[in-house]
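Proteins get letters first, then strands, A, B, ... in listed order; numbering begins at 1 in each.
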Amino acid sequence: MELTKVMEPLAEGGKVKTQASYKKLGKRLLRSKTGMIGLVIVAVVVLMAIFAPLLAQHDPAKTDVINRLLPPFWMEGGNTDFLLGTDNLGRDILSRIIFGSRISLLIGISAVLLAGAIGMALGLIAGYYGKVWDFIIMRTVDSLLAIPNILFMLIILAVLGPSLITLILVLGGTSWVVYARMVRSETLSIKERDYVRSAKAIGAKDFRIIIKYILPNVLSSFIVIATLNVATTIILEASLSFLGLGIQPPDVSWGLMLSDGREYIATSWWVAAFPGIAITVTVLGVIFLGDWLRDVLDPKIKD
Amino acid sequence: MRESLLSVDDLKVRFKTEDGYVSTVNGVSFDVEKGETLAIVGESGSGKSVTSLALMGILPANGEVYDGDLRFEDKDLRNLTKKQYRQLRGNEIAMIFQEPMTALNPVFTIGYQLRETLMLHYKLSKDQAQKKGIEMLETVGIPDAEKVMGRFPHQLSGGMRQRVMIAMALSCNPKLLIADEPTTALDVTIQAQILTLLRNLKEKSNTSIMIITHDLGVVAELADRVIVMYAGEVVEQAPINELFERPLHPYTQGLMASIPKIHDVVDELYSIEGTVPNPAAMPTGCKFHPRCPLGDIECTKVHPALEFVSETHSKRCIKVKG
Amino acid sequence: MKYFFQSLLKTIPVLILITLIVFLLVRVTGDPVSLMLPETATDAERDSLRESMGFNDPIMIQYFNYLGDLVTGDFGDSFRYNTDALNLILERLPATIELAIAAMIVAIVISVPLGILSAVKRNSFFDLFITGGAVLGKAMPNFWLGIMLILLLSVTFQFFPVSGRGTFGHLVLPAITLGTGIAAEMTRLIRSSMLEILGQDFIRTARSKGLGEAIIVNKHAFRNALIPVVTIMALQTSTLIGGTLITETVFAWPGLGQLLVQSVNLRDMAVVQAATFIIAIFVILSNLIADLVYRLLDPRIKYD
Amino acid sequence: MNTAEDQVIMEVKNLKKHFDMSKGFIKKTNTKVRAVDGLNFKVYKGETLGIVGESGCGKSTTGNLMLGLLDATEGNIYFQNEDIAHMTQAELRKARRDLQVIFQDPYSSLNPRMTVEQLVGEPLVVHGLASGKELKKQVTELLELVGLREHQMKLYPHEFSGGQRQRIGIARALALKPKVIVCDEAVSALDVSIQAQILNLLKKLQKEMDLTYIFIAHGLPAVRHISDRIGVMYLGKMVELAGRNELFENPLHPYTHALLDSVPIPDPRLRKEHQLIKGEIPSPSNPPSGCPFHPRCPKATEKCKVDMPEYREILPDHFVACHHPLLNEDTSILPDSATV
Amino acid sequence: GESSSSEGEEPVEKSDSKTLTIANGTDIVTFDIHDHNTTSTEAVHVNMFNYLVTNDGEGGFQPDLAESWENVNDTTWSFKLKEGVKFHNGEDLTADDVKFTLERIAKDDTLLEHGNYNQIQEVKVVSDYEFEIITKNPEPALLNRLSRLGSSILPKDYIETEGWEVFLEQPVGTGPYKFKEWKKDDRLTLEANAEYFGDAPKWEELVFRSIPEDSTRVSELLTGGVDVAVNIPPTDIERIDNTDGVSVVQSPTQRVMMFTLRTDADSVTGDPKVREAIDLAIDKQAIVDSLLGGAGTVTRTRVTPGNIGANEGLYEQTLYDPEKAKQLLEEAGYADGLELSMAAPNGRYLKDKETVELVTAMLSEVGITVNLELMEWSAFNQRYQDRDFNEMFYIGYGNSMFDASLALDRLTTEEAKGESDYNNTEVNDLLLAAEQNMNPEERAQQYQKAQEIIAEERPQIYMFQLNAITGVNDRVEFKPLLNEMFYADSITLK
Ligand SMILES: Nc1ncnc2c1ncn2[C@@H]1O[C@H](COP(=O)(O)OP(=O)(O)OP(=O)(O)O)[C@@H](O)[C@H]1O
Ligand SMILES: Nc1ncnc2c1ncn2[C@@H]1O[C@H](COP(=O)(O)OP(=O)(O)OP(=O)(O)O)[C@@H](O)[C@H]1O
Ligand SMILES: [Mg+2]
Ligand SMILES: [Mg+2]
């Protein structure tokens, strides 16, 4: 009997186990090759955006007609002053990519935050309160879903003019439906779980239940979708640039660079190729990270 | 005549997990004899299902048998080719599962799923298989068998589905039927129906049955012999009457004492303290010792072997004497 | 069928909402008249045009007039082409549908085998390769891919015509361009859907019956995995149509997408409204059909 | 059980809950699931009332109604002379201090994103009963009461085993010092050895804290072990209710009889042929006419097909709803003695 | 390049073909010649319809449908039609058709071109082949108007009996090619009109493709998919010239790019010295050379050669002197620099965005900080119509009239209000007088004088005249026209 007491903590787990589960997370990340790649890429891009002024060799807006369309340094005619070459106005492409990461990320992240906030709130309301709320919100969602995203943006941006703020507002304001749908359906199922009934049984008010019980439990799916949407948004911004409705100079984004550079694909490939690579790699990183988050945060796979 | 149909010797199964390999079945040995019903009992997570899946050769992708001998009649199961194993499965060894809700494919009709096995193993034509399928459904007591053949699983109740599973398992006259908790998900009145059905079938066909359960009531109803598992090991093995009359291992004893008896009300139930250990962090020595009333320092050191106290009764404990 | 009609009725509030959204979008947002005249036009010229087009009425009156017209099938006239907007759209619709279907086929042909394979060979090098490829397909903006395909397959190798619509060859590149992004998305979905199904009890049952792996994967698992995929495919209609805006512009494909881009730029409101509305109906219809297919595939859902 | 009227703590009168499953936009298909269909019973202070029945017969619904988690379609639930079925949200919240619940699934009944401390302390916080040090002290006491350690306070539910989780759930229910606890299949999901731990704990707590339990379960042995009186439900109706020994030794309703007979007895020497009842429980959305059990009942007559038998006290403290109760037959299905 | 192309067989095969394929950036918008204002549409229409007279691009006019004409008095012009001209449906062309056509556009104010024809009072039919055009006021530029967009002659009987709907679907004209098929946003096909009254058509079939994406259009040209491709991006000039079988031809257009500046006292640009400094700070030639790949001609006036009233002394001229610009700013009291805002459309004109970005950089060199506001065209246009710009905006005007009047009328005191706020009495008087002066020489002088003053005072700073850059397959001979029309028969097989 003595011994039972001694051994029990081991059997019951305890602190040891908690540490283990954090370590597990780290281990999992290390083991998941793609997750690791994703994390590194995203970290690099974020650092690049934060420290852009320190990293960039040149002023991204500085034009230099004499040095226009210089190839990257390893090619004939290129020089190390402009590592990745210059664009049609003689601006340093590397510096523009570094600064472009700011706007591309800013747009990606803020649009997603905005959409997420709206979608989360409306999804929770529709799912938790149901009835008329649900009807109104979900019909609106249905209507907006029936109109292709990009068309919607095209129309609004054509009118409002594509400034940074309008871009964020439009990108965010049209993509919340995805979150609303997801949050609603998750809410519907979480609402029926015993722990929500248990909260009701102890007398918790609706607001508390929504904030403390439902929201944290939809959060993991939410984060996954949000991460993936950052990627989608970066691409959407590029597409809008193609249609002439993306970011406008003197601001610079990867989408803008890519879209402007398409004219030079055949003659001066580097003008478009490098922003293209920047977008592709970043999106790749974000998606890998999102997939990894999905694996880690999904309770089904967790145990 | 004791004639071994299946013999399992020192079976070890492990899973590849994020913490490396975790061994969940650690040297299980037992025999199933022709015509007998063997019950495996034990707590959740003790490795009952894993053992049966290992026998069937259908462990999940991250699991593997890494040691031991598996013999079915004269075949060495571990050395069969994939194809040979497939011919064995569903044909000579059949299996029914716990959840009749999810064990049938929701998008195919009952008829399709029944015929599939028959056409595969007996090379029957579709019509022949249909006929035989209806016959099988009738055998397991399904009224309107012909209609049921055209139904989808969701259109049947839990009890009916379990009957379909049994019909499917028996359709190729297997020599061994493995039933993994076949009644756990069912209501008592339905459970009684299914247990009766199994008992009658056995009487008729001389199929050996290996039934996995944690309900000692079911064991008492059905089994000839019982194996008790704890933490991936066999801790006791005995003929049914002997086990109930004279359980030797402290775990078996505790298990028996902790069931509330329907007709013998006590004030306080006996209870085994603590919980089943995590397979990734097994206690040293005897795996039951942290929960064992008899456990002492000796038990932490020695991993007891399975000893026979009689020809048919064995236990894995150094404290109790046969 | 009864179910279908019921669902159809349920879309009425959605359609009304869409008319409102479309109307507001276009109407609140600006004055098309100035765009119809050259830079050198005078104010007086603009005013008379504005009056003659009825843009001086209060907004609600305009909306109700618009709704009223809509009910009679009158979507207004395109001022760019000076003809009935609906006709314009219906003329373009076949081209867009042709492209959309071709793209969908490309997407299916790519994604189904790859999705299944990578699920079956999960975590292998092969899986990593496909997953990486799928992500890459998604990470590449459409217009970029289109231009690259033209440069490579049309200009350098001259396998396919550069642009326009006509022969089968004309369809190949735009369909690949449009289909790739969707294929990427679908590959990932099929993979995860398959993975989920492969872990289910009935797969274990199928194995215990002695079925071969090919039958288990292609029949037992795939039939089940298909169910969510159909829904996703339907949800992709909207993305697909959205993608035509860009793909059609790149390939000079004479469809709705190109028409829309130009109409938006020129504020040809009647066309934008009508096209958006038609697209919305198209998307809703395809979702309804997917729902029906879903019901056919999944016997668990009963009609009515 | 001679319990005086004044000790009635809850009373359920003609309680009904019909779920409206109508579908369709234009043409309503009127399907109602009669989950609970006219229940009448009393709960006495300090007792354990067991409710048994097969899956889908309305046990959980009854429990949820008694907790005010569902709105009743019809009928009353008096708790300390106030009608829960007709309370406002605010009144209900107050009543919850005396009326708590323990759920079946220890995995889904605890919010995975809250620590044990938050889980157990939450009822106190919600009702503004304690905060800061006091809260911590009370939580510690509660954990001790259910056999958990203080050092486990900061852990999340997934770091516990099923039995431990169930203890957390019990501590949470006890936080408000309730008078009545509804245990909805509180031990069904647990392993036998753990089940015994929890049953013992519940019994101990009942004594110490003067609790009244409504113990819902389909596992008959556990119900018999813990209950003072037991009600048997079938298709949303109470078919029999009596003291536990009375019910087990002298079941009057053919369904009760069959139910008891179906339970496998963990003793190989007592192997026997079961008196099987045919068929399965009909759907509550389309219940049979008359007595709901008649299609499966060996004793059913024409009358049973038409008339719903009255629920009446046929013997002292023994209620039954049957036209043909097994009064004069030898109903003893159980052996005189059984040992292990 | 060579016609024996190394790029595979397609161009070679096409060489025998009597089909001419031309790639435009946009589709034609309509066959209602009165109800559009799109040069690229007109460029197609000229193959199906005829004007009364054509502008030879050197200040003179050539007969087309009209055999001869005469300016009878200030407001009356008499014309004589060629006889035997037939519409594609076989009807004869008569003066009634002319009356029908011109009076429609002159009277119907819902038509987009109405503004350019409402000067016409009436068309009097004298006989089948003789008629008079009466204008409301003296109209010196009548012939310019009659030789451009909106003045093609339509078949009266056909339209009146069949209705406009039918005409728009099966248009009928008098031109060398007749309508065959129109797949909107894809291609318009015309076929030779054997009955044409002039020289027999050289092509059996004309195909006008619409390919909006520049790089796609270039690719089509490179692969021989089209014979002529318009609006080639300057960056591709070299690439195309270096490819066998295709080459680029350039020709001036009527469009002149410019900045409009505010001249009112409240604006920093109200100071002429500031305006001059801005002009001097911009190296226009460098922009033309780098961004446009040489596809433009610097100018100090908007009225370019080929237009009545052009001041050739200001053409091909440019001023660039950043040092002097700095000095001027200093003199104006902006030694520490100054700030102004500049608006520009993005994507409307060739390299518009890049141009203003470069200009911004150049201005900053002399100490002018520019707050650049780039807008998508429709947003820009909205502000433009509302006259809502601040110090500077960038714009390009075309001139289909080939006359100085259209080019300069925004600088009259009345028209300049709220835009440049330019108010120079002398210029105003000169422009108003010239507007109705029927003496061509004197009129031209008035315009030339005005241009000189404007060039000095700089309410508008002219940048350059744009060139049309057209890609051409070597199998055809193509001489672009100043008015950007595609007369198919001026394009010939080599
Ligand atoms: N795919 C797997 N990967 C890792 N571990 C596994 C896997 N499948 C089973 N296990 C582990 O193997 C052990 C034995 O599991 P098994 O399913 O055999 O238990 P059981 O005795 O059948 O229990 P129950 O009564 O709950 O069915 C458990 O600890 C389980 O976690
Ligand atoms: N929210 C609901 N909507 C519709 N029907 C419901 C709802 N909740 C319960 N039901 C139905 O009411 C009937 C009774 O359900 P209840 O959960 O009370 O049964 P139970 O006796 O607790 O069963 P179990 O033993 O399976 O828990 C069932 O047929 C169930 O399907
Ligand atoms: Mg198991
Ligand atoms: Mg229940």
Is there a side-chain contact between A:Leu258 and C:Pro141 (heavy atoms, below 4.5 Å)?
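With C-beta onward as the side chain, the pair touches.
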
Considering only heavy atoms from C-beta outward, does the side chain of A:Ile279 approach that of C:Trp144 to under 4.5 Å?
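They are not in contact (no side-chain heavy atoms under 4.5 Å apart), so the answer is no.
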
Residues in residues 280-290 of chain C near chain A [non-hydrogen atoms, under 4.5 Å]
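The stretch touches chain A at C:Ala280, C:Val283, C:Ile284.
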
In residues 183-193 of chain C, which residues are in contact with chain A at a heavy-atom separation under 4.5 Å?
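C:Arg188, listed by number.
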
Where on [X] is there a heavy atom nearer than 4.5 Å to chain C: the side chain, the backbone, both, or neither?
X: A:Ala238; value: both
X: A:Ile287; value: side chain
X: A:Leu145; value: backbone
X: A:Leu228; value: side chain

What is the minimum heavy-atom distance between A:Leu284 and C:Gly132, and which atoms define it?
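That would be CD1-O, 4.3 Å.
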
Testing the basics here: between C:Ala139 and A:Ile235, what is the closest heavy-atom pair and its distance to 0.1 Å?
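Residues C:Ala139 and A:Ile235, closest heavy atoms: CA-CD1, 3.6 Å.
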
Distance from C:Thr276 atom OG1 to A:Ile147 atom CD1, nearest 0.5 Å?
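Here the interatomic distance stands at 6.5 Å.
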
Against chain A, label C:Leu128 side chain, backbone, both or neither, depending on which of its atoms sit under 4.5 Å from a heavy atom there.
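When you check distances to chain A, only side chain atoms of C:Leu128 fall under 4.5 Å.
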
With side chain to side chain donor-acceptor pair (under 3.5 Å) as the rule and sequence neighbours excluded, what pairs involving residues 133-156 of chain A come up?
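Sorted pair list: A:Asp134-A:Arg184, A:Arg139-A:Asp142, A:Asn149-A:Thr174.
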
Sequence neighbours excluded - side chain to side chain donor-acceptor pair (under 3.5 Å) pairs with any residue from residues 278-289 of chain A:
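Those involving residues 278-289 of chain A do not exist here.
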
